[in-house]
Amino acid sequence: MTEKLQQINQAPDPHQNERDLQDKEIQNTLGRIKHKILVMSGKGGVGKSTVAVNLALNLADKGYKVGLMDVDLHGPSVPRILGLEATFPGGDKPRPIPYSPYLAVISIEPLLPDKDKSVIWRGPLKIGVIRQFIADIEWDELDYLIIDSPPGTGDEPLTVAQTISDAHALLVTTPQELAVADVRKSLDFCRQVNMPILGVVENMSGMTCPHCGEKIEFLMSGGGLKMAKNFGVTFLGQIPFDPQIVQASENGKTFMKPYKEMTDAVLARIEI
Ligand code: ADP
């Protein structure tokens, strides 16, 4: 039995050549991209995709060449937040969808036949799609590739960590302990896979009352800041809860202003 297993393990992998070729393509593409940032969160609904999109928009607004890659295969939301309806421009190799001269986007959403149906992705399939997003897409030279990962520490962030060895993580949390506790797992994940942590963003951090102008701490504030301090990671800023952010996302419009300081904090951490 043990001998049989050894024989199987030593048998040549019929797909090894394909994989080697794909690895080469991946390395080619990654070599043309200066900085890669993986946006992660412990929980869903904390505003991770909104942070990823607005970081990309603000960087593009500053004149950097930016790519935005949505690897949330179960719930891709980047095209909806940006109001992108287009499909991938063809050619020998498909290209990412241009959003502006400085920003191009890739997501599984335009390829889904029915956006309201759920797609069942098994682990290896997910890994394959994410690798294809890098190997089979004709990315131009980029200053930044922003990657929006689904919440948690599953196949998607792991594939990014294994495929893009020089990616940095940006962690998004809301202030309350229930969310912060989960983001600590993301921190631990980054340490286990040796991914440097760019910093933590605290989203939905208080809100200004539209009637009296006073600050309302409805999710409490400061949880992200406290955690960043405790774990010795950089705090990249607080984004208040702002109904204009929801409205903008619902209508596929942009509202980048609340994310400007966070973008400057990211730039201060990564020298171009
Ligand atoms: P996640 O990617 O973590 O699941 P999303 O970015 O999709 O979260 O955001 C979830 C919802 O919260 C969306 O409706 C979004 O518009 C809203 N949202 C995100 N950040 C803010 C904010 N700072 N203020 C108000 N609404 C926000």
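Note that the numbering runs from 1 along the sequence shown for the chain. Whatever order the structure lists ligands and atoms in, that order sets their numbers, starting from 1.
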Which pairs of N or O atoms, one from ligand 1 and one from the protein, are separated by less than 3.5 Å, and what is the distance for each pair?
| unit_1 | atom_1 | unit_2 | atom_2 | d |
| --- | --- | --- | --- | --- |
| ligand 1 | 2 (O) | Lys48 | N | 3.4 |
| ligand 1 | 2 (O) | Lys48 | NZ | 3.3 |
| ligand 1 | 2 (O) | Ser49 | N | 2.8 |
| ligand 1 | 2 (O) | Ser49 | OG | 3.0 |
| ligand 1 | 3 (O) | Gly45 | N | 3.3 |
| ligand 1 | 3 (O) | Val46 | N | 3.0 |
| ligand 1 | 3 (O) | Gly47 | N | 3.0 |
| ligand 1 | 3 (O) | Lys48 | N | 2.8 |
| ligand 1 | 4 (O) | Gly45 | N | 2.8 |
| ligand 1 | 6 (O) | Ser49 | N | 3.3 |
| ligand 1 | 6 (O) | Thr50 | N | 2.8 |
| ligand 1 | 6 (O) | Thr50 | OG1 | 2.5 |
| ligand 1 | 8 (O) | Gly47 | N | 3.1 |
| ligand 1 | 20 (N) | Asn203 | ND2 | 2.9 |
| ligand 1 | 23 (N) | Asn203 | OD1 | 2.9 |
| ligand 1 | 23 (N) | Pro240 | O | 3.0 |
| ligand 1 | 24 (N) | Asp242 | N | 3.0 |

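Shown here are the ring pair (Phe, Tyr, Trp, His ring centres under 6.0 Å) partners of Tyr102, two or more places apart in sequence or in another chain: there are none.
The main-chain N or O of Lys253 is never found under 3.5 Å from a side-chain atom of Asn251 such that the two would form a donor-acceptor pair.
Using a 4.0 Å cut-off between charged nitrogen and carboxylate oxygen, Arg32 and Asp140 do not count as a salt-bridge pair. Between Asp143 and Lys65 there is no salt bridge, since no side-chain N of the basic residue sits under 4.0 Å from a carboxylate O of the acidic one. A salt bridge between Lys93 and Asp136 is absent, with no side-chain N of the basic residue lying under 4.0 Å from a carboxylate O of the acidic one.
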**Message:** Does Asn203 form a side-chain hydrogen bond (donor to acceptor under 3.5 Å, both in side chains) with Thr174? I'd like the steps, not just the answer.
**Reply:** CA-CA 5 Å; Asn203 191 32; Thr174 46; over 6 Å; no
